[in-house]
Participant: 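Below is one structure. I have some questions about it.
Just so you know, residue 1 is the first one in the sequence shown, and it goes up from there. All values below come from the heavy atoms of this structure, side chains included, with hydrogens, waters and symmetry mates left out.
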Amino acid sequence: MTHEGGVPKAVASLSRRNTIRNVGVALGAVMLAPRAVDAQSAPGAPVGPPSTITQPPRDFSTRGAPTTYFTDPDVLTIEPAFDGLRQPNAPIQRLWTGALWAEGPAWNAVGKYLVCSDIPNNRQLRWIEDDGHVSVFRAPSNNSNGNTFDFQGRQLSCEHVTRRVVRYELDGSVTIIASQFDGKRLNSPNDVVPHPDGSYWFTDPPYGAQLYEGTVDASGGPANKAGRLNPKLGQPPELGSYKRELPTSVYRVDKSGKVDLVVREDQVPDPNGLCFSPDHKKLYVVSTGQGPGDTHSGGKGDMYVFDVGADNKLSNGKLFSSFIIDGVKCGPDGVRADVDGNLWCSSNAGRSVGYSGVTVWTPQGQLIGRIRLPEICGNVCFGGPKRNRLFMAASQSLYAVYTATQGAAPG
């Protein structure tokens, strides 16, 4: 169609009355349409796709407005380096919702499915890639938290209520990897990562000593000092007699089953998520806590990094980041590295809308990108057949977004 002065000839030939009538109808349609203006945009700025911070907020369900005409408005480039890691035309998708507290996502490369924990519901869930079906994978799960797969494809899980780390063997049997240190019962293992030498490294904070995500200590223990709570209710008879005996720490289990202390409580209080750099020469450990509403944790809501020596001893521990962004504490929980060593960290910003989700950092500790979710994010992992899809376990839901990079480790 030809144009005159930027106006189609068909419109230019309309009478003045018809023109006024058509403009009025168009304006009425605009006024009745839902507003999708970015809350941070200046007045009069172009209307963009819906986001977590728009009013009304973005609908992440299958009924929600599409964002693939644009770069997803909730995947934010902070520094240009992030442009090479994000996938421009890939939307954030909510794959499923219905958990009480989703945690521990882990990708099974052979089965092409994702495992995650629903801790309060005492179950593990499985999301299958071919049709997006979600089913109960393992129940009871002993209030499992962190999961991963080792280099042999075996699933590892951290169990709160039994206070141990287990491995599910390829023949269907279960092996207890660690339940004690120095003759004392562990607190509540939280996250675990494999090392190519066959060892496993895991964190042991106290978060499982609560009724919602495990069970409290026996009478007199730190989580049940007055003894008014009954830790045996709703539990198998052999459980409910444990008391907290150890400080919060990070441990290494070698192939023989020997458990060594590698990070002390005074170095990283309440350690939570952890991961290796791609070359396994650095270990990153999250100290969770001190977030919005947190009144019981000794953690600091930041992350530390250590050099890993040839003898598996850690040295040169230092603060990686305090995770304060725009004055908002974006407390980390889980963390995974990509093949270039960038760190993808889950973010808990409480009620600070637009800051919960994922933060992305260079190995030098520079923030380069963010992913905004409408829920607090507990943990992340890379998966998919090409390991280029970031899965995010966030409060009650599971989200995913394709990236232009790959995860550095299995699971």
Side-chain angles (χ1 to χ4, degrees), residues 101-104 117 119-120 141-148 156-166 177-182 184-193 200-217 221-224 231 242-253 259-275 283-306 314 317 319-320 323 329 331-336 345-348 376-380 393:
W101 177 248
E103 254 282 8
S117 295
I119 304 176
S141 65
N142 295 322
N143 297 111
S144 69
N145 189 329
N147 305 288
T148 194
L156 301 166
S157 293
C158 296
E159 299 180 346
H160 277 179
V161 73
T162 54
R163 307 189 182 204
R164 67 190 186 186
V165 180
V166 300
I177 299 301
S179 61
Q180 297 183 340
F181 174 71
D182 199 22
K184 299 177 181 179
R185 176 70 59 169
L186 298 172
N187 298 315
S188 56
N190 188 284
D191 207 355
V192 58
V193 291
Y200 303 124
W201 301 56
F202 68 92
T203 57
D204 189 36
Y207 302 130
Q210 53 174 303
L211 295 175
Y212 193 56
E213 295 190 5
T215 192
V216 297
D217 291 332
N224 192 18
Y242 304 140
K243 294 182 182 179
R244 182 178 172 186
E245 303 175 288
L246 292 167
T248 63
S249 306
V250 182
Y251 299 97
R252 175 184 181 270
V253 187
V259 182
D260 290 318
L261 174 67
V262 293
V263 179
R264 304 183 311 272
E265 184 174 69
D266 62 320
Q267 295 174 294
V268 182
D270 285 7
N272 195 320
L274 78 169
C275 79
L283 179 71
Y284 298 88
V285 183
V286 171
S287 174
T288 297
Q290 300 301 312
D294 189 349
T295 60
H296 67 276
S297 171
K300 299 181 180 299
D302 48 27
M303 189 165 74
Y304 296 80
V305 58
F306 297 84
L314 302 184
L319 179 68
F320 177 80
F323 287 82
K329 186 71 170 179
D333 190 329
V335 55
R336 288 293 184 267
C345 307
S346 65
S347 175
N348 174 356
I376 291 168
C377 188
N379 214 326
V380 301

Participant: Output, in order, the C-alpha distance, side-chain angles, deciding distance and verdict of side-chain contact (heavy atoms from CB on, under 4.5 Å) for Tyr242 and Leu186.
Facilitator: CA-CA 9 Å; Tyr242 304 140; Leu186 298 172; over 6 Å; no
Participant: Determine, stepwise, if the pair Arg185 / Ser179 fulfils side-chain contact (heavy atoms from CB on, under 4.5 Å).
Facilitator: CA-CA 6 Å; Arg185 176 70 59 169; Ser179 61; 3.7 Å; yes
Participant: Kindly write out the residues that satisfy side chain to side chain contact (heavy atoms under 4.5 Å, CB included) with Pro271, not counting sequence neighbours, or none if the list is empty.
Facilitator: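 Side chain to side chain contact (heavy atoms under 4.5 Å, CB included) list for Pro271, sorted by chain: Thr203, Thr248, Val250, Val268, Val285.
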Participant: Please answer whether the main-chain N or O of Ala223 pairs with a side-chain N or O of Asp217 as donor and acceptor at a distance below 3.5 Å.
Facilitator: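 At least one qualifying donor-acceptor pair exists.
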Participant: For Gly146, is there any backbone N or O sitting under 3.5 Å from a side-chain donor or acceptor partner on Asn190?
Facilitator: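 No, Asn190 side chain to Gly146 backbone: no donor-acceptor pair under 3.5 Å.
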Participant: Could you tell me which non-hydrogen atom of Gly301 sits nearest to which non-hydrogen atom of Pro332, and how far apart they are?
Facilitator: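 That closest heavy-atom pairing would be O-CD, 3.3 Å.
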Participant: Check Arg163 against Arg244 and note the closest heavy-atom contact, atom names and distance.
Facilitator: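 Shortest heavy-atom contact: NH1-N, 3.7 Å.
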Participant: So, does Asp204 use its side chain to make a donor-acceptor pair with the main chain of Ser188 at under 3.5 Å?
Facilitator: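 Here the side-chain-to-backbone pair exists.
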Participant: Determine yes or no for a side-chain-to-main-chain donor-acceptor pair under 3.5 angstrom, with Ser144 supplying the side chain and Ser117 the backbone.
Facilitator: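 Absent.
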Participant: With no hydrogens and no angle check, is any side-chain donor or acceptor of Ser346 less than 3.5 Å from a backbone partner on Gly334?
Facilitator: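 Checked: pair present.
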Participant: Quick one: list whatever passes side chain to side chain contact (heavy atoms under 4.5 Å, CB included) with Leu261, sequence neighbours left out.
Facilitator: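 Per chain and number, Leu261 pairs via side chain to side chain contact (heavy atoms under 4.5 Å, CB included) with Phe181, Ser249, Tyr251, Arg264.
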Participant: Under 3.5 Å, side chain of Asn147 to main-chain N/O of Asn145, donor-acceptor pair present?
Facilitator: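 Yes.
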Participant: Do you know the tightest heavy-atom contact between Pro189 and His160?
Facilitator: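 Taking Pro189 first and His160 second, the nearest heavy atoms are O-CD2, 3.5 Å.
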Participant: Any chance you could lay out the side-chain contact (heavy atoms from CB on, under 4.5 Å) test for Asp270 and Thr288, step after step, and finish with the verdict?
Facilitator: CA-CA 6 Å; Asp270 285 7; Thr288 297; 5.8 Å; no
